[in-house]
Amino acid sequence: MTVEILTIFPGMFESVLSASILGRAREQGLLEIQLTDIRPFSASKHKNTDDYPFGGGAGMVMMAQPIQDAMASARGRHPGARRIYLGPRGRKLTTALARELAREQELILLCGHYEGVDQRALDTCVDEEISIGDYILTGGELAAMVLTDCVARFIPGVLGSPESPEEESFSEGLLEYPQYTRPRDLNGQCVPEVLLNGDHAKIRAWRRRESLAATLRFRPDLLEQADLSPTDLKTLKELESTCSSEN
Ligand code: 21W
């Protein structure tokens with residue numbers, strides 16, 4: 001997949017998108033990131049990219065012209081790309097949306113900054129608007145990194161084994177069970193015995209119970225949507241009767 005990112009702050013991206021799993025995905029050619037600085041596209045003498053809002057009000061608005069020209073240039077490179085504006089009014093980013101976007105060959109991400117973007121650029125330059133949640137950021141750059149990270153995990157080969165993105169929290173609708181690595185005894189804090197015995201049926205049952213317990217405690221709202229077996233429902237009944245006093 002190729003992701004072209006249009007921004008007035010291209011320098012914000014390089015370290016984040018070069019580290020760890022995304023860095024490896026880029027080296028392997030599974031993910032290509034192209035950063036395009038919007039500023040050189042400004043037709044104004046001082047290469048301005050923002051201006052005061054018509055009608056008054058606080059803050060600055062990004063000008064339509066530099067964005068339209070930067071987008072035309074990006075479209076020349078990626079004629080079929082899905083064009084996404086990261087903005088607070090957008091469709092909320094979820095696992096389902098990330099999985100959908102991971103099927104695209106090319107994405108163009110437009111990052112606004114300050115108080116937003118001249119509506120005429122949005123009207124002509126983007127296919128959809130995506131938000132990463134109900135809180136206010138100072139710009140779309142961090143949101144573009146979040147979206148790229150979240151989508152990249154669903155590109156085949158980016159994670160080690162093909163089934164691993166599906167096993168994560170939320171894809172099954174429950175929170176994760178606790179995990180442990182060496183040493184077995186950390187100054188008296190011991191790894192649960194069940195994980196050390198190699199009884200994989202027992203381990204699976206313990207992890208499922210821990211997932212249900214964590215979800216009941218921290219995100220009970222998720223249980224309404226979760227895919228629960230008769231055994232899960234029995235486990236939940238037990239947890240509800242025994243754990244409420246520990247909360
Ligand atoms: C903050 C843009 C506030 C617009 C009309 C009247 C991208 C974001 C952003 C920003 C405003 C995302 C106004 C979750 C976010 C982003 C910067 C509102 C003021 N408009 N996801 N007054 N939250 N935020 N403009 O903030 O660019 S994705």
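First listed ligand is number 1; within each ligand, the first listed atom is number 1.
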Between [X] and [Y], does any side-chain N to carboxylate O distance fall below 4.0 Å?
X	Y	value
Asp118	Arg120	yes
Arg208	Glu172	yes
Glu14	Arg26	yes

Evaluation steps, salt bridge (charged side-chain N to carboxylate O under 4.0 Å, His left out), between Glu100 and Arg82: CA-CA 12 Å; Glu100 180 190 321; Arg82 204 157 149 177; 2.7 Å; yes
Which atom of Thr148 lies closest to which atom of Leu109, heavy atoms considered: OG1-CD1, 3.6 Å
Under a 3.5 Å threshold, I'd like every N/O contact between ligand 1 and protein atoms, with atom names and distance.
unit_1   : atom_1 : unit_2 : atom_2 : d
ligand 1 : 21 (N) : Ser131 : OG     : 3.4
ligand 1 : 21 (N) : Ile132 : N      : 3.1
ligand 1 : 23 (N) : Tyr135 : O      : 2.7
ligand 1 : 25 (N) : Glu115 : O      : 2.9
ligand 1 : 25 (N) : Glu115 : OE1    : 3.2
ligand 1 : 26 (O) : Leu137 : N      : 2.8
ligand 1 : 27 (O) : Gly140 : N      : 3.3

Salt bridge (charged side-chain N to carboxylate O under 4.0 Å, His left out) assessment of Glu128 paired with Arg83: CA-CA 7 Å; Glu128 67 209 286; Arg83 298 165 304 168; over 6 Å; no
